Number of protein chains: 2
Amino acid sequence: MTLLSSLGRASRSAPLASKLLLLGTLSGGSLVAYSDSNAEVNKEQKKKKKVVVLGTGWAGISFLKDLDITSYDVQVVSPQNYFAFTPLLPSVTCGTVEARSIVESVRNITKKKNGEIELWEADCVNIDPANRKVRCLPVFKDDPEANKEFSLEYDYLIIAVGAQVNTFGTPGVLENCHFLKEVEDAQRIRRGVIDCFEKAVLPGLTEEQRRTKLHFVIVGGGPTGVEFAAELHDFIQEDITKIYPSVKQLVKITLIQSGDHILNSFDERISSFAEEKFLRDGIDVQMGMRVMSVSDKDISVKIKSSGKVLSVPHGLVLWSTGVGTRPVISDLMEQVGQGGRRALATNEWLQVKGCENVYAVGDCASIAQRKIMEDIANIFKAADVDNSGTLTVEELQDVVDDILVRYPQVELYLKSKHMRNIKDLLADSEGNAKKEVNIEEFKLALAGVDSQMKSLPATAQVAAQQGTYLAKCFNRMEQCKDHPEGPKRFRSGGHHQFRPFQYKHFGQFAPLGGDQAAAELPGDWVSVGRSSQWLWYSVYASKQVSWRTRALVVSDWTRRYIFGRDSSRI
Amino acid sequence: MTLLSSLGRASRSAPLASKLLLLGTLSGGSLVAYSDSNAEVNKEQKKKKKVVVLGTGWAGISFLKDLDITSYDVQVVSPQNYFAFTPLLPSVTCGTVEARSIVESVRNITKKKNGEIELWEADCVNIDPANRKVRCLPVFKDDPEANKEFSLEYDYLIIAVGAQVNTFGTPGVLENCHFLKEVEDAQRIRRGVIDCFEKAVLPGLTEEQRRTKLHFVIVGGGPTGVEFAAELHDFIQEDITKIYPSVKQLVKITLIQSGDHILNSFDERISSFAEEKFLRDGIDVQMGMRVMSVSDKDISVKIKSSGKVLSVPHGLVLWSTGVGTRPVISDLMEQVGQGGRRALATNEWLQVKGCENVYAVGDCASIAQRKIMEDIANIFKAADVDNSGTLTVEELQDVVDDILVRYPQVELYLKSKHMRNIKDLLADSEGNAKKEVNIEEFKLALAGVDSQMKSLPATAQVAAQQGTYLAKCFNRMEQCKDHPEGPKRFRSGGHHQFRPFQYKHFGQFAPLGGDQAAAELPGDWVSVGRSSQWLWYSVYASKQVSWRTRALVVSDWTRRYIFGRDSSRI
């Protein structure tokens with residue numbers, strides 16, 4: 001390579017800085033200096049640690065967006081070359097929003113970064129933490145040349161493959177139900193709904209058969225199921241019945257929920273509001289029912305209270321009842337002694353327990369939080385600096401911040417007891433603060449704290465925050481090795497490298513159709529009605545991953561208001 | 001049914017007129033009069049003739065849009081419940097325009113009409129003109145209840161099923177090529193193109209394999225093939241290479257044409273412009289080649305001049321080489337003695353030859369124009385009103401309009417000979433007008449006329465004009481029975497009920513990429529370059545079937561300018 005061509009190449013790859021440098025070196029004549037700095041850069045690139053990211057969902061993309069890739073060599077393996085804004089999937093099922101409006105090409109997201117990320121459209125089929133390798137299979141099943149397994153070595157592995165549908169072993173579900181996890185699912189449902197109407201107007205069917213074709217059943221009363229029911233109801237009322245007038249009386253939507261209320265992860269004011277709204281809309285909500293099996297014609301349900309089994313004919317079934325484990329994750333869990341769990345257990349720093357340098361984020365992982373009672377003796381020992389066998393309020397004060405960061409359940413416990421300070425825990429039964437406590441009294445004071453531990457829900461919000469958190473840790477990996485910023489290590493001494501991950505709940509929405517939504521906002525604030533729907537619009541528009549999707553989603557909403565939803569079967 | 005409920009129903013079904021009538025009758029107290037008129041309406045409805053329309057493409061939809069359905073009982077059978085603006089299909093293959101932006105629900109189109117049209121999503125599998133019946137099979141193959149054949153009786157049948165792909169019997173084409181006739185085809189191609197790039201960047205492929213994956217071959221140099229090549233080139237240059245930088249040097253587009261020029265249905269200035277543009281763009285145009293067979297890896301082509309056979313490895317092949325006959329049409333042609341033809345022969349009134357009350361429009365039909373020499377003796381006899389055995393200029397003048405309408409080739413012939421009037425035909429070799437001609441001289445004068453007969457191309461423009469023409473005939477069916485408006489019947493006397501169909505060519509476009517288009521406009525006007533592209537934008541926007549699709553297509557174009565095309569594989 002001649003010097004000139006290397007200069008040319010450098011000026012293309014590193015835009016401004018190198019062009020200025022080039023200008024400086026050429027004008028000053030110090031070409032050798034430039035050439036040296038170039039060699040140094042090459043050496044540095046060789047030292048870069050290899051990061052392999054599995055998955056490009058919420059967790060994976062948040063990680064990639066925030067990672068400083070100049071310090072890492074990043075490889076991404078995902079069966080999809082796009083990121084989908086999954087909270088809008090129910091809107092895609094009925095054409096309120098177009099599928100393409102909620103997806104953004106991963107390569108488009110990563111190309112904006114200052115460096116190169118390699119992306120391969122493949123499934124990870126095996127994780128081998130002992131040899132720091134993953135095996136991947138490209139998704140092109142019909143092309144033998146492009147369907148060869150390949151291996152990737154990693155220094156750090158980020159598992160963000162998400163979860164899969166959970167059928168709870170119910171027979172016939174996989175074959176006869178629709179799901180709503182991927183963009184393709186939503187597109188299939190959209191075609192499926194239109195097909196039901198086209199079938200129902202065909203000549204030669206009995207009214208009973210037409211009724212069956214137009215019976216839409218939703219299993220699962222969580223946010224996805226409820227939102228789909230609401231979207232479907234709106235779609236049918238606002239658009240479909242106008243063009244299929246002959247069968248509009250025969251349509252029925254049924255929502256089957258095994259629990260006693262729909263939206264039971266929400267505040268109960270929201271549950272009731274949703275149930276009343278659905279009652280007014282004529283959506284049949286059946287609570288306390290368990291699905292036994294699903295065939296192409298019927299769905300068999302058991303009424304929990306009476307044990308009676310009913311057979312309900314259906315035209316289309318959506319199954320949305322929580323998440324299950326992907327096989328590659330189950331396999332890894334077996335390898336690292338976590339067999340039988342639903343998700344990979346990580347510590348509070350999102351590191352998978354039992355393997356080094358492997359992190360898991362999003363729906364495929366769950367944080368196994370440390371109980372304070374496991375460490376109580378060490379905490380006491382670390383705090384009791386004068387080794388007196390008792391802890392004074394002053395001694396406790398010195399470690400209080402570390403305790404609050406390391407064991408977030410303490411803060412939740414204080415809140416639940418309406419206490420303002422950890423010192424209040426040490427008060428006696430009359431409320432008088434004690435000056436000193438011994439180990440037994442200390443244990444007693446903190447005995448109830450661990451009951452406040454909660455596992456995080458499998459939501460986009462959690463996954464996105466985990467991805468961002470992890471990227472920030474990676475960006476300060478070197479820096480924090482020498483200057484750890486985490487809390488005190490009560491067991492082994494010293495400090496943790498990073499603060500543990502802490503989830504901030506910004507609230508959740510449940511759009512209920514007819515421009516009504518329910519919102520649960522921070523500070524126990526509940527809002528229902530039209531204003532919540534507008535809040536929903538603005539939050540969802542602002543959370544879009546790119547300006548393109550933001551513009552498209554907003555224009556889709558506008559289009560729906562003007563022209564209604566399209567009912568072509570494409 | 002009580003009288004009041006019947007009044008209520010009437011007022012809902014026939015909006016304004018019946019409400020006024022209702023008001024008049026109620027206030028005047030003459031309820032009996034209204035009830036009578038209602039009964040009369042019912043009787044009239046029973047008399048309505050049944051029109052069955054097969055297909056909802058350009059011809060079918062144009063017919064439905066213009067038909068006055070208050071006088072007919074209309075049933076539509078189509079495998080798709082939407083109409084697609086097919087000239088924009090090449091734009092859909094690369095995401096310049098979204099699939100949904102070019103489709104409109106047929107039910108949405110027909111619901112705006114003052115009455116009800118029945119539409120069934122089914123394929124017509126058999127036409128039985130002897131018994132005036134068609135047999136139809138719904139498209140829902142996986143649902144036995146909704147997949148039962150049904151029969152429809154008709155008084156008038158409109159066949160507008162279009163054509164299918166023509167493989168010319170080339171082995172492997174159906175299995176290994178993409179086509180571009182339906183919206184789904186365009187969506188498949190879009191995913192196919194992205195897949196080629198995703199495969200090409202996978203680890204473990206040789207450079208040769210990567211080159212093969214990125215070799216896009218187009219068979220057929222007609223407008224569809226050329227436009228796809230141009231779109232693909234733009235997509236790759238403007239969007240794809242930015243996100244797959246490592247393989248951008250390996251991409252190749254080849255266009256294989258059996259003739260000596262691409263776009264050979266256009267003016268040759270346009271052909272040359274297109275060939276030069278493609279040469280500059282690096283699109284490899286191979287002329288004088290015939291495809292022998294296609295496998296999943298290679299395409300085998302024969303160089304016509306040398307007879308040499310080459311094997312060309314490919315990543316994706318688009319086959320766009322003219323149209324073939326659908327089985328249901330071949331079967332009908334056998335029944336009515338038209339076996340072996342490519343398309344249903346109709347007369348100039350679009351009636352299928354050999355069956356009564358059956359019309360065929362669009363790509364599935366072709367007009368078998370009457371030769372003037374077949375009727376020459378009858379014309380002479382009809383014109384020679386004084387039975388003198390000779391035709392005077394005055395006698396000819398009386399039938400000239402009828403001749404021009406009935407035999408449109410006469411006008412084309414006059415134009416080609418630079419004559420202004422049919423009388424000029426009777427001039428002798430020195431150009432002196434004759435006063436009288438006998439039958440032999442008359443025959444001689446018109447001998448060359450029939451050479452000007454041309455069959456119409458299989459384009460959207462022809463199909464749309466035929467549909468509209470036929471609807472207008474149907475709307476005046478009764479009126480023209482008594483007062484025929486067509487030309488004189490030279491054979492049997494009297495007049496034809498309608499004027500024959502006459503095609504008006506408004507020009508054609510060939511978008512060539514890079515915001516360059518070629519346009520062939522009426523009056524031998526040829527325009528190439530950026531201005532033609534803008535003309536193309538405005539014509540295509542104005543020709544959209546609804547305001548919704550118009551708004552969406554224009555917003556898609558805008559979006560492409562701002563954000564580029566999306567490369568997510570959905």
Side-chain angles (χ1 to χ4, degrees), chain A residues 80-84 95 98-100 103-108 110-111 116 118-122 138-140 142-143 145-146 148 150 152 183-184 187 194-195 198-205 209 212-213 242-245 296-297 546-548 551-552 555 559 562-564 566-570, chain B residues 80-84 95 98-100 103-108 110-111 116 118-122 138-140 142-143 145-146 148 150 152 183-184 187 194-195 198-205 209 212-213 242-245 296-297 546-548 551-552 555 559 562-564 566-570:
Chain A
Q80 277 136 6
N81 73 357
Y82 56 84
F83 162 77
E98 285 302 322
R100 198 166 298 275
V103 304
E104 184 64 54
S105 152
V106 175
R107 291 178 194 277
N108 239 345
T110 57
K111 85 163 186 231
E116 207 177 310
E118 277 186 293
L119 169 68
W120 292 310
E121 215 176 285
V139 294
F140 309 102
D142 54 351
D143 186 336
E145 273 178 12
K148 282 183 206 137
F150 59 92
L152 298 176
V183 176
E184 282 96 340
Q187 292 176 310
I194 300 293
D195 277 354
E198 287 292 349
K199 287 176 188 174
V201 296
L202 282 173
L205 268 71
Q209 285 175 324
T212 301
K213 302 283 170 230
K242 284 182 200 155
I243 53 174
Y244 300 89
D296 57 343
K297 288 206 188 77
S546 72
W547 279 103
R548 188 189 68 85
L552 290 184
S555 82
R559 185 214 59 208
I562 303 174
F563 301 110
D566 180 43
S567 59
S568 310
R569 193 204 177 275
I570 64 161
Chain B
Q80 276 137 5
N81 73 356
Y82 56 84
F83 162 78
E98 285 303 321
R100 197 166 297 275
V103 303
E104 184 65 54
S105 152
V106 175
R107 293 178 194 276
N108 238 346
T110 58
K111 84 161 188 234
E116 206 176 309
E118 277 185 294
L119 169 68
W120 291 310
E121 215 177 286
V139 295
F140 309 102
D142 53 350
D143 186 337
E145 274 178 11
K148 282 183 206 138
F150 59 94
L152 298 176
V183 177
E184 281 97 340
Q187 291 176 310
I194 301 292
D195 277 353
E198 287 293 348
K199 287 176 189 174
V201 295
L202 282 174
L205 270 71
Q209 286 174 325
T212 301
K213 303 284 170 228
K242 283 180 201 155
I243 53 175
Y244 299 90
D296 59 342
K297 289 209 186 76
S546 72
W547 279 103
R548 189 189 67 86
L552 290 184
S555 82
R559 183 215 60 206
I562 303 173
F563 301 110
D566 179 43
S567 57
S568 309
R569 193 203 177 276
I570 64 159

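Chain letters run A, B, ... following the sequence lines, proteins first, then strands; residues in each count from 1. Note that the coordinates shown come from a computational prediction; the quantities given were computed from them, not determined experimentally.
- Of the two parts of A200(A), neither the backbone nor the side chain holds a non-hydrogen atom closer than 4.5 Å to a non-hydrogen atom of chain B.
- Note that OG1 of T110(B) is 8.5 Å distant from CD1 of I243(A), once rounded to the nearest 0.5 Å.
- Counting all heavy atoms, side chain and backbone alike, K199(B) lies closest to A146(A) at CG-CB, 3.6 Å.
- For D296(A), no part sits under 4.5 Å from any heavy atom of chain B, backbone or side chain.
- With sequence neighbours left out, the ring pair (Phe, Tyr, Trp, His ring centres under 6.0 Å) criterion links Y244(B) to F197(B).
- If you tally non-hydrogen atom pairs under 4.5 Å between each of E98(A), K242(A), Q187(A) and chain B, the highest count goes to E98(A).
- Among E184(A), Q209(A), E104(A), K148(A), the residue making the largest number of heavy-atom pairs under 4.5 Å with chain B is Q209(A).
- Heavy atoms of R559(A) lying under 4.5 Å from chain B belong exclusively to its side chain.
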Residue pair E145(B), K213(A): steps toward the salt bridge (charged side-chain N to carboxylate O under 4.0 Å, His left out) verdict: CA-CA 10 Å; E145(B) 274 178 11; K213(A) 302 283 170 230; 2.8 Å; yes
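- In plain terms, the two heavy atoms of N81(A) and S567(B) that are nearest each other are ND2-O, 3.4 Å.
- Of the residues considered (R107(A), E121(A), R569(A)), R107(A) shows the highest number of contacts with chain B, using heavy-atom pairs under 4.5 Å.
- Residues satisfying the side-chain contact (heavy atoms from CB on, under 4.5 Å) criterion with E118(B), sequence neighbours excluded, are Q75(B), W120(B).
- Note on V103(A), V183(A), D566(A): by heavy-atom pairs under 4.5 Å with chain B, the leading option is D566(A).
- Between chain B and the options W547(A), Y82(A), F140(A), F83(A), heavy-atom pairs under 4.5 Å are most frequent for F140(A).
- Using a 4.5 Å cut-off between heavy atoms, I562(A) does not touch chain B at all.
- For a residue to count as touching a neighbouring chain, one of its non-hydrogen atoms must lie under 4.5 Å from one of that chain's; by this rule I570(A) touches chain B with backbone and side chain alike.
- Using a 4.5 Å cut-off between heavy atoms, I194(B) contacts chain A through its side chain alone, with no backbone atom that close.
- The choice from K297(B), Q80(B), R100(B) that makes the most heavy-atom pairs within less than 4.5 Å of chain A is R100(B).
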